[in-house]
Protein chains: 2
Amino acid sequence: MKFSGINLLDELQKSELTDLRDVFHSRSAKKGAIIFSPEQDEDLVFIIESGKVRIYLGYEEKEFTLGILEPGDLYSSHAGCFVQALEDSSLLVTDVQSVKRCMAEVPLFNRTMVRVLGKILQNAFSVIGGLAFKDIYARLTAYLLKEAQESGVPFDGGLELELDLTIEQLSQILGATRQTVSTLLNNMVREGLVVKRGRSKWFIPDLKALEDVVNT
Amino acid sequence: MKFSGINLLDELQKSELTDLRDVFHSRSAKKGAIIFSPEQDEDLVFIIESGKVRIYLGYEEKEFTLGILEPGDLYSSHAGCFVQALEDSSLLVTDVQSVKRCMAEVPLFNRTMVRVLGKILQNAFSVIGGLAFKDIYARLTAYLLKEAQESGVPFDGGLELELDLTIEQLSQILGATRQTVSTLLNNMVREGLVVKRGRSKWFIPDLKALEDVVNT
DNA sequence: CATGTATTGTCGTCTATCCGACAAACATAC
DNA sequence: GTATGTTTGTCGGATAGACGACAATACATG
């Protein structure tokens, strides 16, 4: 899933933004490391250069994943979230001051910034809608459907889907317990909605059927 | 509650923004009227001039209130939300095209835009945190505490609080049913945490006690 | 191959919250 | 005053989903 819908790495390639590239410095993080946390109050903006990074809220023992960033995604460290590397990753980081300067000088950056914030906001609203209105089964099927549509690979009339998430991680995205998600997924298998293909690989034999379940 | 934390009406008074004022046109709405809804896809940006306006998500019969805007607040109509006038209100409206032009020409507007979006986003995250991690009682007490701190009037060692919400409306902010909120509120009354003072008016005899409940 | 660790499936118990129903209280209009 | 609508309080039943516990896998690593 492209979290913001806009690939900033591509944007940075554009010739207008040569000077912009220079304000970023690179920073790398090992798999599992927590890159930013809500306490530290440096205001930083960063772009994922490589790897995979998880944005999440934490409260006592519980965690809720807001999204997973991939190369080209932009985010800010001052939104009160944790940022954790899911794989060895490298980020392009800069401080908000520089960003402000850029916004004044480079109009394109500006519009991009607003666009990205808008996308993130829309995503946040849809998360709220899910939590407020839908039960876990509905959130699960909707999530699978979206992932399948965005990154499923056609195979034998159906779709193959590589989620690359443990059940535990999936449950943190859905806002549920590991146990509940595990049980619901297995119910879906029994009903033939999905077929298990090994470590976090799934096959959806009939996308229509899944759509029908989601739209009810 | 100031939804975005920034009063755009004040900002518009600033001399730098004279031309900006001209791109907005006024629009009024009667109490209860739905001003924008998610289907209509005009991309508009608006500022509350007078009155009170509710931003909410809707799904089937249910509604979840994201926030209530007051004069000076800015919002955008393309975020997939309903916008409803809680009282007779008037808005300053403009389309996104004009906003983009302004962003290029007036740097101040730009920064303000990003700042407002940031605030809204932070609010959205705290809503998600509430829904994901806390039960309704915790959300209720936290809400009352925040309102008391922001707009409570000192009285006789405690705070008087005019919420101006029916229980039903309050329950839509908290993401719960009317009945549950009603019961929990009356429990709080019995425990002496709050005292009822008539139609949506409350008295908090001991703010510390309320804080203690919230921080556990 | 053996051993340790991480991931998954499943079951029973427990509780917060929803939902429908209804009456009481209150406000508003006639 | 009475009548009518709106807002509230409360109760009992139903249930989704949390939680703890444990066994069964699968996976990695020496």
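Just the heavy atoms: all of them, side chains too, but no hydrogens, waters or symmetry mates, feed the values below. Every chain is numbered from 1 and lettered A, B, ... according to where its sequence line falls, protein lines coming before strand lines.
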Between [atom2] of [N] and [atom1] of [X], the distance in whole Å:
{"X": "Asp135(B)", "N": "dA18(D)", "atom1": "CG", "atom2": "P", "result": "13 Å"}
{"X": "Glu168(B)", "N": "dC26(C)", "atom1": "CD", "atom2": "C1'", "result": "17 Å"}
{"X": "Lys201(B)", "N": "dT8(D)", "atom1": "NZ", "atom2": "P", "result": "16 Å"}
{"X": "Ile136(A)", "N": "dT15(D)", "atom1": "CD1", "atom2": "P", "result": "17 Å"}
{"X": "Arg190(A)", "N": "dT8(C)", "atom1": "CZ", "atom2": "C1'", "result": "13 Å"}
{"X": "Leu131(B)", "N": "dA16(C)", "atom1": "CG", "atom2": "C1'", "result": "15 Å"}
{"X": "Ile167(B)", "N": "dT17(C)", "atom1": "CD1", "atom2": "C1'", "result": "17 Å"}
{"X": "Asn186(A)", "N": "dT8(C)", "atom1": "CG", "atom2": "P", "result": "11 Å"}

Are the side chain of [X] and the backbone N or O of [Y] linked by a donor-acceptor pair below 3.5 Å?
{"X": "Asp156(A)", "Y": "Gly158(A)", "value": "no"}
{"X": "Asn186(B)", "Y": "Ser182(B)", "value": "yes"}
{"X": "Arg139(B)", "Y": "Leu174(B)", "value": "yes"}

Classify the nucleic acid contact of [X] as base, sugar-phosphate or nothing, counting any heavy atom under 4.0 Å across all strands shown.
{"X": "Arg139(B)", "result": "nothing"}
{"X": "Ser182(A)", "result": "base"}
{"X": "Lys134(A)", "result": "nothing"}
{"X": "Arg199(B)", "result": "nothing"}

Pick out which of Ile173(B), Asp73(B), Ile55(B), Asp164(B) makes a side chain to side chain contact (heavy atoms under 4.5 Å, CB included) with Ile68(B).
-> Ile173(B)

Starting at the 5' end of DNA chain D and moving along, which residue's nearest nucleotide shows up first, Arg178(A) or Tyr137(A)?
->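 Closer to the 5' end of DNA chain D: Tyr137(A).
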
First encountered from the 5' end of DNA chain D, between Thr166(B) and Thr177(A) =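 Upstream on the strand: Thr166(B).
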
Out of dG9(C), dT10(D), dA16(C), which nucleotide sits closest to the side chain of Lys196(A)?
-> dG9(C)

From dT8(D), dG17(D), dC18(C), nucleotide with atom closest to Thr180(B) side chain | dC18(C)

For the residue pair Tyr56(A) and Phe82(A), does the interplanar ring angle fall in the parallel (under 30°), tilted (30 to 60°) or perpendicular (over 60°) class?
->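 Parallel: the ring planes of Tyr56(A) and Phe82(A) meet at under 30°.
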
Answer with yes or no whether Gln179(B) presents, from its side chain, a donor or acceptor under 3.5 Å of a partner atom in the base of dG9(D).
->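 Absent.
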
